[in-house]
Q: 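Just dropping this structure here.
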Protein chains: 2
Amino acid sequence: MSQPRKPNPARRSERSRQAVLDAARDLVSELGYAKVSIEAIAARAGVGKQTIYRWWPSKGAVIFDSFLALSESEEGMSLPDTGDLEADLKIVMRATVAEFADPAFEAPIRALNTEIIGDPALAAQYREKLAGPVDEAKKERLRSAQRAGQLAADADLDLVLEVLYAPLYQRWVHRSGPLTPQYADALVEITLRAFAP
Amino acid sequence: MSQPRKPNPARRSERSRQAVLDAARDLVSELGYAKVSIEAIAARAGVGKQTIYRWWPSKGAVIFDSFLALSESEEGMSLPDTGDLEADLKIVMRATVAEFADPAFEAPIRALNTEIIGDPALAAQYREKLAGPVDEAKKERLRSAQRAGQLAADADLDLVLEVLYAPLYQRWVHRSGPLTPQYADALVEITLRAFAP
DNA sequence: TCGGCGAGACGAGACGGTCCGTCTTGACAT
DNA sequence: ATGTCAAGACGGACCGTCTCGTCTCGCCGA
């Protein structure tokens, strides 16, 4: 009656873990998310399928972890704070627009969003591990602006971020319009007018 | 040298078409999008698989058509225009929020968006057949408001709609916050402030 | 007017593939 | 000794193609 014993993380092979994450990231870029299979990841990584099934619950979780590993390297970076909120935000928004428009980021980000729509647990993990820290940094910059009287003191900062980023996100998901620096600037200007002190 | 002959739409069975669309809609509600297979749709509809493959290029296209059939019934409805833009928009936005929060709409809408992320052709069809007409009606209402001096005359109406709806859409996709009537009202108020004359 | 004919869509399901998730094996590390 | 490892066999689900035999048309000649 041996239950499927739970694995012992202490004995986990770091070598295999990295190989799986690398293979997953590569294959998503090459084939797009939908065409990537666990079998292909295992083969590319030179790893037994069981090794993947032992440590990850789903294909989405593997992909997610492969992104998480990437983003951890760029963690802790802070946003520019020159005192000029509009200029600072335009820099950040233009960078975001450029990132979304970059074909190299296209496939992985679409993969992640595909999985997130249908998987609440993954969505929660995304908010906590990826979006959360980044949003917190942005809100910190906005609080600084509130203190400087450049933003309404009673503004809901989560709402400010949504008004700022959601139109860009929707345009990217639905491919309903071009993502240009001008568009980034327009979003900043509109948001600042909406939440002016 | 016989090419795969292209089917003749004139001879298409309306009975089978409806059966497939109905079965697709039912199965998505019951199982969620990811677990629905073409085989299952064919079986439920009492239809040969070839009949589906003859008329639709992909699972996503079938699902999309099943929604399209639904939405055509409610086509041509116009938005309220009482002269009070803020009140009118709040009515519409609250209705939209309620629709997104309705569990009965949850599965189908997530299904559609899942497919749209990874399929540019389907995204284009979505914009043209579903989002397009609705957005046009909304923009007509906004033009009326511009004439009445309730909205900046030079406002980019596509951008207005994005600022109005995209935050709601993003919140729903990422499940990053509650969808309440208060939230709907807040979005209307912010948008009107941003695009005030 | 009517009956036969050919084209083509139909329901059903066999077929070879791919990938799933589980299970087994023997090597290896601790 | 115990548990992970790479490798891959296994049964099952679905894929997309294909082949059946049937059914429904429009057309054409009697």
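Protein chains get the first letters and strands the later ones, always in sequence-line order, with residue 1 at the start of each. Here the structure is a predicted model, which is why all the values come from computation and not from measurement.
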Q: Is B:V92 reachable from B:L179 through a run of I, L, V, M, F, W or Y residues, each pair having side-chain heavy atoms under 4.5 Å apart?
A: yes
Q: Specify the residue among B:E39 and B:R12 whose closest nucleotide of DNA chain C lies further upstream toward the 5′ end.
A: B:R12
Q: Any idea which of D:dG3, D:dC25, D:dC5 is nearest the A:S13 side chain?
A: D:dC5
Q: Name every residue in residues 46-60 of chain A that has at least one heavy atom under 4.0 Å from any atom of DNA chain C, in order of residue number, or write none if there are no such residues.
A: A:K49, A:Q50, A:Y53
Q: Figure out the CD/C1' separation between B:Q18 and C:dC10, and round it to whole Å.
A: 17 Å
Q: Between the side chains of B:R44 and B:D22, is the shortest nitrogen-to-carboxylate-oxygen separation below 4.0 Å, so that they form an ion pair?
A: no
Q: Are there more than 12 heavy atoms of other residues, nucleotides or ligands under 6.0 Å from atom CZ of B:R143?
A: yes
Q: In whole angstroms, how far is the C1' atom of C:dT30 from the CZ atom of A:R15?
A: 18 Å
Q: Counting only side-chain N and O atoms of A:S16, is one of them less than 4.0 Å from OP1 or OP2 of D:dT4?
A: no
Q: Between C:dC20 atom C1' and A:I41 atom CD1, what is the distance in whole Å?
A: 13 Å
Q: Treating Ile, Leu, Val, Met, Phe, Trp and Tyr as nodes and any side-chain heavy-atom pair under 4.5 angstrom as an edge, say whether A:W55 and A:F64 lie in one connected cluster.
A: yes
Q: Rounded to whole angstroms, how far apart are CD1 on B:I38 and C1' on C:dG13?
A: 16 Å
Q: Looking at the side chain of B:R11, which of D:dC5, C:dA9, D:dC15 is the nearest nucleotide?
A: C:dA9
Q: Judged by atom type as modelled, is there a donor-acceptor pair below 3.5 Å linking the side chain of B:R171 to the main-chain atoms of B:P178?
A: yes
Q: Got more than 12 heavy atoms from elsewhere within 6.0 Å of NZ, A:K35?
A: no
